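Please read all numbers here as calculations on a predicted model, not as lab measurements. Lettering of chains follows the sequences in order, A, B, ..., and the numbering in each one begins at 1.
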Amino acid sequence: MLQFGNTTPVQPLKEIVAYEALWANKKTTWKSLSDLFARHPDSLPSDFVSGDQVHAIEDEVKKFVFGMNFRTGLLISGTFDFPMQLNDAKERIVLLYYTGILEYLKTRCVAIVGTRTPSSEGLAVAAEVATKLAMDDFTVVSGLASGIDTQAHKSTIAAGGRTIAVLGTPLNKVYPKENNELQNKIANEHLLISQVPFYRYSKQDYRINKNFFLERNKTMSALTEATLIVEAGETSGSLTQAAAALFQKRKLFIWDTCFKNKKISWPQNFAEKGAIRVSSYEELKGYLNHA
Amino acid sequence: MYRLQKIDELLLPSHQYLDPQDECFFFMTYTRLSLGFTPENDLILNFKKAMDRKGKSEWKHKGNAIQEVSNLFIQGTPAINPPGVIFVPIPPSRMKGDPMYDDRIVQVMNNFCSARPNAELREIIYVRQNMPPTHENKLSPGEILPYLEVDKALCVNQKPNVVLVDDVVTDGAHFKACQGLLRQRFPNSRITGLFIARTLH
């Protein structure tokens, strides 16, 4: 290695295998990893795994990484490429996988999220806001879930804009299945991001893997300057994103119609903590450009 | 301080002329530099700003970028122990004296070497004839070689480590051409590459 002082250069594949090896331990959680790297801020995943741990999973991990029809990229803490915005997340993210146009992360990004089972009005709002954000040169970020997320991505692409999908699955998985084509399009022409470890995900039941979706929402918020919740029930993952947005000091917008739904109380709760109620794109844009 | 990254097995497929044995290091990644939607304060775009922009108000951004890149190298590369390292700029496509000749890498390495004991800048390789612009025709290492010349007087007092330096590595053709030339002159040295960025098409 080209060794300058104590700073060892990152070997991307080595760190991927090490990260996957850390996750191969069933006790590993986002919290435990975050704590580990908080105690050792200048460390790399490879500092914490043995040769045996690496050896046990290396071949399988390489199959995941090289087995997709696009190239896996790595963003790792401590390098210039790593998005500084992620440092605002409560739990430290040390590594992200990506494929596509990395420069999108240097543009102004706004997340649009919401329920998987939207009303036609909710879909129309997602479509309108995504289209207008794209036309105003914002990058639209969402989670590639059914419903609001899918609408946000599709409308952005239709408007000729830029979109980022932050996945709750590893890069090699598609959820829901019907978004296969959309995910491929985003991978090839836009930007796809995931923090979810391939190996651990492949060894777990889908019910446990669902927890990754919530972590994805925290990351999505950290990567963006604002989140808009278009429509969401009391148990939606969007509410995890809402809480994260406020914690991370991001703007949190809640569409006006959410407040009119008497069956849910979250809009009012978040409004009291700093969320902004908006009823038009122009209003939202005004908040984005000022204050 | 930012950590360097190595072009390893994961990244190698994006750089067609690089081999698994090549040791190339970079600070940042550009996946679509050519699309031009990156902000105006973008480090690499300002750093590469063409010489014919001199005198325009945007020119100050180039000076700032040269300083910023110098700082990146100085801060990202803490200490070099004796017997030291020879840094060799990969020459730009224009000859010295051509109005479009850009010495940005030489400026950075001058800043770097004055701040780093045991680091030595040597402009060993130079261009004897202007190369065609890369956007017209991508040259292979073999096609680049005839344009390059080695200053033999600078090949004395050899050191175990020689580092070729350039702003970006894309297919790796310029690096491979220069590596080949240096291998003939520095048969006992380890020759590596140091780049601000790797870029993908």
Side-chain angles (χ1 to χ4, degrees), chain A residues 1-17 41-44 46 58 61-62 64-66 68 70-84 94 97-108 134 137-139 160-162 187-192, chain B residues 1-14 22-45 68-69 72-81 85 87 112 116 118-119 161-164 190-194 196-200:
Chain A
M1 281 308 259
L2 184 72
Q3 178 90 32
F4 291 107
N6 302 321
T7 314
T8 314
V10 170
Q11 299 179 68
L13 188 60
K14 181 181 174 185
E15 298 310 327
I16 288 176
V17 175
D42 295 325
S43 301
L44 294 168
S46 60
E58 193 170 17
V61 169
K62 283 186 183 176
F64 289 127
V65 169
F66 293 109
M68 293 177 282
F70 44 72
R71 284 177 189 160
T72 308
L74 173 72
L75 294 169
I76 186 163
S77 179
T79 63
F80 194 93
D81 292 332
F82 193 73
M84 295 292 281
V94 294
Y97 297 110
Y98 77 90
T99 192
I101 307 175
L102 199 54
E103 285 86 342
Y104 279 14
L105 290 175
K106 296 182 192 167
T107 64
R108 293 187 71 183
D137 205 32
F138 287 94
T139 299
R162 301 179 299 264
N188 289 314
E189 297 169 28
H190 297 271
L191 178 61
L192 203 59
Chain B
M1 190 197 295
Y2 295 107
R3 239 183 236 276
L4 282 167
Q5 299 185 68
K6 184 176 189 240
I7 295 182
D8 70 343
E9 188 184 345
L10 182 77
L11 310 180
L12 199 61
S14 306
D22 291 329
E23 296 178 276
C24 289
F25 302 88
F26 64 96
F27 280 103
M28 53 190 88
T29 305
Y30 281 81
T31 54
R32 301 288 197 283
L33 190 63
S34 55
L35 290 190
F37 51 70
T38 45
E40 282 180 10
N41 59 5
D42 188 273
L43 181 60
I44 292 288
L45 294 178
E68 213 177 312
V69 169
L72 186 68
F73 276 40
I74 293 164
Q75 288 163 13
T77 57
I80 297 167
N81 297 325
V85 174
F87 289 87
F112 175 80
R116 282 278 158 269
N118 304 315
N161 277 294
V162 180
V163 182
L164 283 161
R190 184 170 149 234
I191 299 160
T192 53
L194 177 61
I196 307 165
R198 72 180 194 106
T199 62
L200 315 178

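Of the possible donor and acceptor atoms, one in the side chain of B/Arg3 sits under 3.5 Å from a partner among the backbone N and O of A/Asp42.
Of the two parts of A/Lys62, only the side chain, counted from C-beta on, holds a non-hydrogen atom closer than 4.5 Å to a non-hydrogen atom of chain B. Only the side chain of B/Leu72 comes within contact range of chain A, judged by heavy atoms closer than 4.5 Å. With a 4.5 Å cut-off on non-hydrogen atoms, A/Leu191 does not touch chain B at all.
With sequence neighbours excluded, no residue forms a ring-ring contact (aromatic ring centres under 6.0 Å, His included) with A/Phe138. With sequence neighbours excluded, no residue forms a ring-ring contact (aromatic ring centres under 6.0 Å, His included) with A/Phe82.
Looking at A/Thr99 and A/Arg71, their side chains never bring a donor and an acceptor atom within 3.5 Å of each other.
Of the residues considered (A/Gly73, A/Gly78, A/Gly100, A/Pro12), A/Pro12 shows the highest number of contacts with chain B, using heavy-atom pairs under 4.5 Å.
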